[in-house]
Amino acid sequence: MAEPPATPRWVKVFGIILLALTLLVSLILLTGRGRHGPERHMSPAGSSGSFVVAGTFGNSAGSALSGVVARIPAEVQAQS
Amino acid sequence: MTMPALRRLVLTAHITASVGWFGAAAGFLVLLIAGMTSDDTQLVHAVYLAAEPITWYALVPLILAALLTGVAQSLITPWGLIRHYWVLFKLLLTVVAAVVLLQYTRTVSHFAAVAAETSGGDAGALQGYVLHAAVGLLVLLVTTVLSVYKPRGLTPYGLNRQEAQRRAQDRQHSG
């Protein structure tokens, strides 16, 4: 019975590159820059349910709130 | 509708969706770079706002259309979906790109919502946008090269099918 043809070299090269990129992205996501998505740009602000978006949007006039936007869910606002 | 006519129709839809995706991604990237490199806070603000409809009404529909028409095209042609390595790699790359884009819509919608509530803007998060859009374009370029060159190579499944077809033909000739 004839031997099956070997896997083409381009497939091996392509596979290795894809595998390396997958590992790299997984490593980045699992380590220091682990958080992905909008929450990556937020930091906890103490009380439960509230969070702060830091360094994202500011007031163009350069007020004290420039660069920091406090976002508090409606149910927390209603309690306070 | 005859099979060749159906194949041509699905191929036309696939090329249209893919070219549309490429154009939308390229235009999006140019817009993002303009926002990222600008000191004009109004422009940055506008980029965050514009990013959401471009993502939801151009990029997402086009990538899903490209994926669906690509799968349909492969299933109604002799190429198959997992018979040839180049088709398999195209499928994998497109699925990964679609999943990453759908994940990233959360970020885009979040910043668009924040932009809608505020005036001005900080281009900080646009770096992430640019990175994702640039990688998306690179994926599209690779899938285009694979489609045009169609490099040889059958998967183990494709080899088995080819062998089974050969045996069936031999039986027909001898019988």
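Here is how names work: the chains are called A, B, and so on, in the same order as the sequence lines, proteins then strands, and each is numbered from 1.
Hydrophobic clustering of Ile, Leu, Val, Met, Phe, Trp and Tyr side chains at less than 4.5 Å, counting indirect connections, unites B:Ile54 with B:Val130. Using a 4.5 Å cut-off between side-chain heavy atoms of Ile, Leu, Val, Met, Phe, Trp and Tyr, with links allowed through other members, B:Leu64 and B:Val71 fall into different hydrophobic clusters. The hydrophobic cluster containing B:Leu88 does not contain B:Leu159, counting ILVMFWY residues as joined when their side-chain heavy atoms lie under 4.5 angstrom apart, directly or transitively. Both B:Leu31 and B:Leu59 are members of a single hydrophobic cluster when ILVMFWY side chains are connected at heavy-atom separations under 4.5 Å. Grouping the Ile, Leu, Val, Met, Phe, Trp and Tyr side chains by contacts below 4.5 angstrom, directly or via other members, places B:Phe28 with B:Tyr104.
Only the side chain of A:Thr7 comes within contact range of chain B, with heavy atoms under 4.5 Å apart. Heavy atoms closer than 4.5 Å to chain A are found in the side chain of B:Leu93, but not in its backbone.
Scanning residues 135-150 of chain B against chain A with a 4.5 Å non-hydrogen threshold yields B:Val142, B:Leu146, sorted by number.
Ring-plane geometry between B:Tyr85 and A:Trp10 is classed as perpendicular, the angle between the planes exceeding 60 degrees on a 0 to 90 degree scale with a lower cut at 30.
In plain terms, the two heavy atoms of A:Pro8 and B:Gly153 that are nearest each other are CG-CA, 3.6 Å.
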(request) Verify side chain to side chain contact (heavy atoms under 4.5 Å, CB included) between B:Phe89 and A:Leu18, making sure each step is shown before the conclusion. (result) CA-CA 10 Å; B:Phe89 279 128; A:Leu18 282 185; 3.6 Å; yes
